[in-house]
Amino acid sequence: MSVDIPEEAVVSLRQARCVVALTGAGVSAESGVPTFRDKMTGMWEKYDPTQLATPDAFRADPALVTQWNAWRRRLILETEPNAGHLAIATLSERMRADGREFTLITQNIDRLHHRAGSTDALEIHGNLMEWRCSVTGEITEPTDEQLDDPPIETEAGGFLRPNVVWFGESLPEETIGRAIAALEACDLFLSIGTSALVYPAAGFSQLANAAGARTIEINRDPTPITDAVDISVQGSAAEILPALVERALA
Ligand code: BV8
């Protein structure tokens, strides 16, 4: 199916010297990873992710939060990167080969960008493959067997928790510092597959705009930034990204 890509978006990407792309759960949707605001399924149907992804929820019931994250981790490990992830990896490789800059910032914790080849993605919300001791912060990758018996106590007397950023927790300092530096230097900002509701990521398009960058949103549905960006392309990231990248790099 041919995708309708505004020529203005193609020209902006072709001419950009320093691109920053921000991705959200919508980029992984077509790999089969439920987005943050999709209804959850099975035993998790009655839960609200924003209520489970908090330090208070973990303190109150470490077994439940461990079980929820083990379920998401197992679901993610059964998925593959989609054409959208691969298009972003291709864009990054080609822009750097041309001496241009490309920074990928992701809110996603599924590591599908890594598996598609974007191994330097800035994971501002962490990732679900790594877990850490709630007392020492020591990072480990638990086995399926360990995760089948939640909660997982650590030698330091704490529990293993996902190495992700929960609501109310600060983002990893070094990672967010690199993201902000890239945003302040870019001449094109792409917001892809995110509802633009979670801060500070939801404020990145304004930061890029203030730095003089053109802004493009690629998203299935309208969001709070749709009217503010220079170009809005509504539709599937897995269809739009390959078409946009192919034409911009032609
Ligand atoms: C913090 C990891 C300092 C965990 C997540 C102002 C400034 C700073 C903070 C705040 C602020 N106002 C409020 C806050 C607090 C809070 C916040 O933003 N709350 C919101 C709800 C109002 N922010 C924080 O707590 C952050 N911490 O700032 O520290 C601080 C501390 C305390 C107090 C103040 C400041 C931490 C936020 C990180 C939370 N962790 N995830 C986990 O996953 O378990 S957030 C979670 O939401 C995921 O990371 C997810 O990626 C992210 C954002 O959601 P989206 O990715 O956008 O996903 P969503 O489902 O919403 O949307 C998907 C979109 O895709 C949709 O629009 C859909 O149309 C589109 N789509 C679907 N399919 C497709 C598609 N598009 C294209 N193609 C498709 N096929």
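One-based numbering, in listed order, for ligands and for the atoms of each.
A single hydrophobic cluster is seen to contain both I5 and V27, as judged by linkage of ILVMFWY side chains at heavy-atom distances under 4.5 Å, directly or through other members. A continuous path of ILVMFWY side-chain contacts below 4.5 Å connects I192 to I216, so both sit in one hydrophobic cluster. Cluster annotation: L241 and L91 are assigned to the same hydrophobic cluster (Ile/Leu/Val/Met/Phe/Trp/Tyr, side-chain heavy-atom contacts under 4.5 Å, transitive).
Those atoms of ligand 1 with a heavy atom of G24 less than 4.0 angstrom away are 56 (O). Taking every non-hydrogen atom of G193 and a distance limit under 4.0 Å, the qualifying atoms of ligand 1 come out as 63 (C), 64 (C), 65 (O), 76 (N). Near L171, with a cut-off below 4.0 Å to any heavy atom, the atoms of ligand 1 are 1 (C), 26 (C), 27 (N), 36 (C). Atoms of ligand 1 found under 4.0 Å from any heavy atom of N108, numbered from 1 in the order shown, are 51 (O). Within ligand 1, the atoms closer than 4.0 Å to a non-hydrogen atom of A53 are 44 (O), numbered from 1 in the order shown. For ligand 1, the atoms sitting less than 4.0 Å from at least one non-hydrogen atom of I109 are 42 (C), 43 (O), numbered in the order shown with element in parentheses.
Between the side chain of T90 and the backbone N or O of L86 there is at least one donor-acceptor pair closer than 3.5 Å. Side chain of Q234 to main chain of R220: a donor-acceptor pair is present (N/O by atom type, distance under 3.5 Å, no hydrogens or angles). Judged by distance alone, the side chain of D48 and the main-chain N or O of T50 form a donor-acceptor pair under 3.5 Å. A donor-acceptor contact shorter than 3.5 Å links the side chain of N108 to the backbone of G24. Side-chain atoms of E184 do not come within 3.5 Å of backbone N or O of A181 as any donor-acceptor pair.
The protein atom (non-hydrogen) at minimum distance from atom 56 (O) of ligand 1 is A25 N, 2.8 Å. Remark: minimum distance from atom 3 (C) of ligand 1 to any protein heavy atom is reached at S170 OG, 4.1 Å. Of all protein heavy atoms, the one closest to atom 24 (C) of ligand 1 is Y199 O, 3.7 Å. With hydrogens left out, the protein atom closest to atom 16 (C) of ligand 1 is F167 CD2, 4.1 Å, a heavy atom. When hydrogens are left out, the protein atom nearest atom 31 (C) of ligand 1 is G168 O, 3.6 Å; that is the closest non-hydrogen contact. Nearest protein heavy-atom contact of atom 61 (O) of ligand 1 is R37 NH1, 2.2 Å. The protein non-hydrogen atom at the shortest distance from atom 74 (C) of ligand 1 is G26 O, 3.5 Å. Residue, atom and distance of the protein heavy atom nearest to atom 22 (C) of ligand 1 are L197 O, 3.7 Å.
Of the protein's heavy atoms, at least one falls inside 4.0 Å of atom 20 (C) of ligand 1. The nearest protein heavy atom to atom 6 (C) of ligand 1 is closer than 4.0 Å. Proximity of atom 77 (C) of ligand 1 to the protein is indicated by at least one non-hydrogen atom lying closer than 4.0 angstrom. Protein heavy atoms come within 4.0 Å of atom 9 (C) of ligand 1.
Checked for salt-bridge contact, D148 and R74 meet the test: a charged N lies under 4.0 Å from a carboxylate O. A salt bridge links D144 to R73: at least one charged side-chain nitrogen sits closer than 4.0 Å to a carboxylate oxygen.
At least one heavy atom of G235 sits less than 4.0 Å from an atom of ligand 1.
The residue from E217, Q107, R220 that puts a heavy atom closest to atom 51 (O) of ligand 1 is Q107. Of the listed options P200, S236, A29, A29 places a heavy atom closest to atom 73 (N) of ligand 1. Between E169, E123, R72, it is R72 that holds the heavy atom closest to atom 43 (O) of ligand 1. Counting heavy atoms only, H125 comes closest to atom 41 (N) of ligand 1 of the residues H125, E30, Q234.
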Using side-chain hydrogen bond (donor to acceptor under 3.5 Å, both in side chains), reason through H85 and S28 one step at a time and then give a plain yes or no. CA-CA 8 Å; H85 295 107; S28 297; 3.2 Å; yes
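F58 and W166 have their aromatic ring centers within a separation under 6.0 angstrom.
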Can I get a per-line list of side-chain donor-acceptor pairs under 3.5 Å for residues 194-202, giving both atom names and the distance, sequence neighbours left out?
| residue | atom | partner | partner atom | Å |
| --- | --- | --- | --- | --- |
| T194 | OG1 | Q107 | NE2 | 2.8 |
| T194 | OG1 | A196 | N | 3.3 |

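Checking each of T175, I176, L22, L171 against L122 for a side-chain contact (heavy atoms from CB on, under 4.5 Å) leaves exactly one that passes, namely T175.
Between atom CZ of residue R214 and atom CG of residue L190 there is a gap of 11.5 Å, rounded to the nearest 0.5 Å.
The distance criterion of under 3.5 Å between nitrogen or oxygen atoms is met by D221 with respect to ligand 1. At a 3.5 angstrom cut-off on N or O pairs, A238 does not count as close to ligand 1. On a distance-only criterion, V165 and ligand 1 share at least one N/O pair closer than 3.5 Å. Considering both main-chain and side-chain atoms, N219 comes within under 3.5 Å of ligand 1 through a nitrogen or oxygen pair.
Residues passing the salt bridge (charged side-chain N to carboxylate O under 4.0 Å, His left out) test with E217: none are found, sequence neighbours excluded.
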